[in-house]
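One structure is given here, and the rest of the page talks about it.
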Amino acid sequence: MRKAISLDRTAVSPGAAQSKPGPTGQPGSTPPAEGRSGTVRPLVTESAAVGKVFFTNPSNGLNYACSASALNSGSKQMLITAGHCVHGGSGGTWMTNWTYAPRYRSGVRPFGTFAAKQFRTFNTWISSSDLGRDVAMVTTWPLNGNKIVNVTGGHGLSWNFSRTQAMTVMGYPGNRDNGQLQWACQGTTRAVGDGRIELQCDFGGGSSGGPWLREFNDANGLGSVNGAMSTLATGGWNRSSYFDDAVKAMYDAQGGVT
């Protein structure tokens, strides 16, 4: 795990189209869920419902790291991350040996390691590396009979909100403490010309897939996921896909898978 390469930002393949999603209905949110009784309540800089991801890319055989977060759903087994953390995009394939360590800290895994059972991402990410759809949801296996959301708690999901939002961005950027500690960045997002959103956090590789949270609660480390870390642009501007009805549809399709 210490030797895993922090997965860097992805680039648009030559000629690949980018979607420009906008609100396709009324804004909506699903509720977060508390973890089991006795879970240590973290501060803004460390959430039990955010963790580090480790996997192998079969295209080159190398081991990489991303970020992800637990997402409350009917299954209590789901995570949300970036599309490029589960599939290589155009010309790539599905990642293997995929595991999630909630609140990972310098090799310590206080809640254990949860293995992926099933991935879901957008077809336009798979076929054309469309950064407007760089989102994925992952169903995990229970660990010792315990489901991830019941252990660490899980964030809610928000969609169709304004691109200007107060957000807390969390993850494991490789350019901060070598990706060994969870970092947080807070600010107000703005729109990008291609339809995405951005915030100037200067989080590097390894933060990919980390949640962009509305209404973050310092008391329990939970919020409502309204973005997932995708890329780093010039000037330290990190970018995320915009969450619309299509993201909610992914949540509906995957949220009950056990």
Side-chain angles (χ1 to χ4, degrees), residues 7 10 19 21 24 28-33 47 49-55 64 66-89 92-102 113-127 129-143 147-161 169-171 196 207-214 222-230 240-258:
L7 188 61
T10 57
S19 61
T24 48
S29 293
T30 60
S47 171
V50 177
K52 191 163 183 175
V53 171
F54 301 89
F55 57 88
Y64 291 93
C66 272
S67 301
S69 60
L71 191 61
N72 185 34
S73 71
S75 73
K76 305 295 184 183
Q77 294 173 228
M78 196 159 68
L79 309 173
I80 186 166
T81 187
H84 70 266
C85 294
V86 304
H87 191 282
T93 188
W94 296 102
M95 306 304 179
T96 60
N97 303 322
W98 205 98
T99 59
Y100 170 76
T113 305
F114 290 76
K117 181 177 184 179
Q118 187 180 100
F119 300 134
R120 184 182 294 266
T121 190
F122 286 104
N123 289 333
T124 52
W125 170 257
I126 293 172
S127 64
S129 300
D130 179 4
L131 292 173
R133 294 300 188 195
D134 189 13
V135 183
M137 296 183 190
V138 181
T139 298
T140 58
W141 289 96
L143 178 62
K147 297 182 176 183
I148 183 64
V149 172
N150 292 336
V151 173
T152 66
H155 302 294
L157 180 77
S158 287
W159 64 96
N160 286 340
F161 279 85
V169 175
M170 310 188 82
R196 293 184 290 162
S207 64
S208 292
W212 292 36
L213 299 162
R214 296 178 60 255
L222 299 174
S224 186
V225 184
N226 197 207
M229 183 69 78
S230 177
S240 164
S241 303
Y242 174 76
F243 278 23
D244 60 358
D245 279 346
V247 176
K248 174 57 162 56
M250 180 190 293
Y251 171 89
D252 290 340
Q254 195 65 29
V257 175
T258 60

Check your understanding: Between R214 and S158, do the side chains contain an N or O donor and an N or O acceptor separated by less than 3.5 Å?
Key -> yes
Check your understanding: Backbone N or O of F161 within a donor-acceptor pair of the Y242 side chain at under 3.5 Å?
Key -> yes
Check your understanding: Is there a side chain to side chain contact (heavy atoms under 4.5 Å, CB included) between S208 and H84 once you walk through the steps?
Key -> CA-CA 8 Å; S208 292; H84 70 266; 3.0 Å; yes
Practice item. May I ask you to test the S67-M229 pair for a side-chain heavy-atom distance under 4.5 Å? Key: no
**Study point:** Between OG1 on residue T121 and CZ on residue R133, distance to nearest 0.5 Å
**Key:** 10.0 Å
Check your understanding: If only atom types and distance count, is the side chain of N226 paired as donor or acceptor with the main-chain N or O of W212 below 3.5 Å?
Key -> no
Check your understanding: Taking S69 for the side chain and G210 for the main chain, is one N or O donor matched with an acceptor at less than 3.5 Å?
Key -> no
Practice item. Say whether, by atom type as modelled, one donor and one acceptor occur between the side chain of N72 and the main chain of V149 under 3.5 angstrom. Key: no
Check your understanding: So how far is it from I148 CD1 to Y100 OH, rounded to the nearest 0.5 Å?
Key -> 5.5 Å
Practice item. For S129 and G88, work out which heavy atoms get closest and say how close. Key: OG-O, 4.5 Å
Practice item. With the side chain counted from C-beta on, respond yes when P142 and Q77 share a heavy-atom pair under 4.5 Å apart, and no when they do not. Key: yes
Check your understanding: Where do G156 and L71 come nearest, in terms of heavy atoms and distance?
Key -> O-CD1, 3.4 Å
Practice item. Give the C-alpha distance, both sets of side-chain angles, the deciding distance and a yes or no for side chain to side chain contact (heavy atoms under 4.5 Å, CB included) between V225 and Y251. Key: CA-CA 11 Å; V225 184; Y251 171 89; over 6 Å; no
Review point. Do T139 and Q254 get their side chains close enough for a donor-acceptor pair, meaning under 3.5 Å?
Key: yes
Practice item. Hey, could you give me each pair passing salt bridge (Lys or Arg N to Asp or Glu O under 4.0 Å) that has a residue in residues 72-83? Not counting sequence neighbours. Key: none
Review point. Is a side-chain donor or acceptor of T113 paired with a backbone partner of A101 at a separation under 3.5 angstrom?
Key: no
Practice item. Compare all side-chain heavy atoms of H155 with those of L222 and state whether any distance is below 4.5 angstrom. Key: yes
Practice item. State whether the side chain of T81 and the backbone N or O of A68 hold a donor-acceptor pair below 3.5 Å, judged by distance alone. Key: no
Practice item. With side chain to side chain contact (heavy atoms under 4.5 Å, CB included) as the test, would you mind laying out the steps for D245 and W159 before giving the verdict? Key: CA-CA 7 Å; D245 279 346; W159 64 96; 3.5 Å; yes
Exercise for review: Work out which heavy atom in A49 is nearest to a heavy atom in G153; give both atom names and the distance.
Suggested key: CB-O, 3.7 Å
Review point. Atom SG in C66, atom NZ in K52: separation rounded to 0.5 Å?
Key: 10.0 Å
Practice item. For residues F54 and N97, determine if any side-chain heavy atom of one lies less than 4.5 Å from a side-chain heavy atom of the other. Key: no
**Study point:** Taking every non-hydrogen atom, the tightest pair across A82 and A136
**Key:** O-CB, 3.7 Å
Exercise for review: List for me each residue that meets salt bridge (charged side-chain N to carboxylate O under 4.0 Å, His left out) alongside K147, sequence neighbours excluded, and say none if there are none.
Suggested key: none
Check your understanding: Does A228 offer a backbone N or O that forms a donor-acceptor pair with the side chain of S240 under 3.5 Å?
Key -> yes
Check your understanding: Any side-chain heavy-atom pair from V247 and M137 closer than 4.5 angstrom?
Key -> yes
Check your understanding: At what distance, to the nearest 0.5 angstrom, does CG of D134 lie from SG of C85?
Key -> 7.5 Å
Check your understanding: Do the non-hydrogen side-chain atoms of L79 and W98 ever get within less than 4.5 Å of each other?
Key -> yes
Review point. Does any non-hydrogen side-chain atom of T258 lie less than 4.5 Å from one of S75?
Key: yes
Point to revise | Listed partners of W94 passing ring-ring contact (aromatic ring centres under 6.0 Å, His included), at least two apart | key: H87, F119
Practice item. For S241 and L131, indicate whether the former's side chain and the latter's backbone hold a donor-acceptor pair under 3.5 Å. Key: yes
Check your understanding: So V53 and V138, side chain to side chain contact (heavy atoms under 4.5 Å, CB included) or not? Walk me through it.
Key -> CA-CA 11 Å; V53 171; V138 181; over 6 Å; no
Review point. Between CD1 of I80 and CZ of F243, what distance do you get to the nearest 0.5 Å?
Key: 4.0 Å
